[in-house]
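Please read the structure below before turning to the comments.
In what follows, chains are A, B, ... by sequence order, proteins preceding strands, each numbered from 1. This is a predicted model, so every value here is computed, not measured.
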Number of protein chains: 2
Amino acid sequence: MAAPNEFYQFSIISALMDGVASHGIPISSVLAHGDHGLGTFLQMNGEMIVLDGDVYQMKSDGTTTHIATPQDTITPFASVTRFQPTSTTRATVSSKQDLSALLTRLFPAAKNHFLAIRMDGVFKSVNVRTAGGQREPREKMPAVANRQTVHTFEAARGTIIGFRAPEYVMGINVAGDHMHFINEDRKSGGHILAFETEGDVDVKVAQLSKFHLDLPTEDDEFNEASLVGDAQGIHAVEG
Amino acid sequence: MAAPNEFYQFSIISALMDGVASHGIPISSVLAHGDHGLGTFLQMNGEMIVLDGDVYQMKSDGTTTHIATPQDTITPFASVTRFQPTSTTRATVSSKQDLSALLTRLFPAAKNHFLAIRMDGVFKSVNVRTAGGQREPREKMPAVANRQTVHTFEAARGTIIGFRAPEYVMGINVAGDHMHFINEDRKSGGHILAFETEGDVDVKVAQLSKFHLDLPTEDDEFNEASLVGDAQGIHAVEG
């Protein structure tokens, strides 16, 4: 089993930006490294959330599928940790910015490290997007994002899973806070654009200071991509 | 033992740029991940080369020390692999640029991956620098580099150890080719600024597609550093 609270990632966010999403590895290979995380699917078809080792695909048509056979489902990009929270608290959080400030209060010396984040409870509102997928191979993420579906859940009980990554990994991952939501019945959710809790929710956090990156091999799309690291573009579609 | 041809790194190059060099881990911990690599020592006092699992400290006064007890010597930054070359050739190399072109010919699909490099033979000239160390804690690398010693070896038999890193890791490591030299009697060497072989030398290379990064923990210097990733500055002092 993977060591707890280490950050594992397959491929890099700049590859998705460049439209590299035709190949990847079985999700079961990702789950060998963790039970808590985020990612996407072939052709960027929806948002992945990994919750207690279960993987869900949240699609732009509003449906959510539990991935029952992760050995048969490929991901072109995913990041996970075997989550063992070292900080557990209850807090009312009014926005992403407010969560960001809370995380900094809880881990004041962690700006150059990774954090794994989980929140469980009732959310007054959660505004999410779900990527609709590429129309053709190598279609870039900003073009895919132009067709994303946006949805707002109100008074929704559910779970937020996410990571904070330090500034210096921008291009490899998304610098800052990056979170996905799934509701309690695991039937809907997406990539969080904004949220607000309904009173206190459970907030669990761990600092991650070991990073493992597996690069795609024998993948011409990856090998040929420019991967220039468009920080502004990444913030626009993933921020 | 570590898996072969994976890239392991402790701390990030932007931390050295910011002068974070007062703490670290025992070199023995680095050697658990590889037998071939580069690095530096506390206070950036000299250049580290890891050659067949042996570690040498090449100082600005021209002396070179074999680190006989790596468990007792701390490094603030190092990168290694357990090197198993997958390409072995003999070649005459006229410059760093010529080596760069050779590596690209040997591994045409590896621009977004890491390479580990080793060259053994006689070098017509090798121009090296050795860092003289910080005068005070947090003195930044560009200031340290202003006091570096530069030396040229001629008709020198020895070994070059190095890595190529992809553009998107700039700030975490040095994008491009980064190499150190040590002569055959292991008595002198340094960070390579320029070199030219005397006829053919042995060139051994492997592609590395798994990257492991351990961040310093409980290190206030690291936690407080800005780590902004000054690509131009890194190229100036490490290119």
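- Only the backbone of A:Glu224 comes within contact range of chain B, judged by heavy atoms closer than 4.5 Å.
- Between A:Pro26 and A:Ile74, some side-chain heavy-atom pair lies under the 4.5 Å cut-off.
- Your options are B:Gln207, B:Gln9, B:Lys111, B:Glu6, and the one with the most heavy-atom pairs under 4.5 Å with chain A is B:Lys111.
- A:Ile172 touches chain B through its side chain: at least one heavy atom from C-beta onward sits under 4.5 Å away, while N, CA, C and O do not.
- Ranked by heavy-atom pairs under 4.5 Å with chain A, the first of B:Glu167, B:Met170, B:His113 is B:His113.
- Here the closest heavy-atom approach between residue A:Lys140 and residue A:Met17 is recorded as CB-O, 3.1 Å.
- Below 30°, between 30° and 60°, or above 60°: for B:Phe211 and A:Phe211 the angle between ring planes is above 60°, a perpendicular geometry.
- Checked against the 6.0 Å centroid threshold, A:Phe10 and A:His212 do not count as a close aromatic pair.
- Look at B:Arg90 and B:Asp120 and you find no salt bridge, because none of the NZ, NE, NH1 or NH2 atoms lies under 4.0 Å from a carboxylate O.
- Each of B:Asn112, B:Asp214, B:Ile12 has some count of heavy-atom pairs under 4.5 Å with chain A, and the biggest count is that of B:Asn112.
- When each of B:Pro108, B:Ala225, B:Ala15 is scored by its heavy-atom pairs under 4.5 Å with chain A, the top score falls to B:Ala225.
- Using the six-membered ring where Trp is involved, B:Phe7 and B:Phe163 have ring planes that are perpendicular, over 60° apart on the 30 and 60° scheme.
- With a 4.5 Å cut-off on non-hydrogen atoms, A:Pro216 touches chain B through its backbone but not through its side chain.
- By number of non-hydrogen pairs under 4.5 angstrom with chain A, the leading residue of B:Tyr8, B:Phe114, B:Tyr168 is B:Tyr168.
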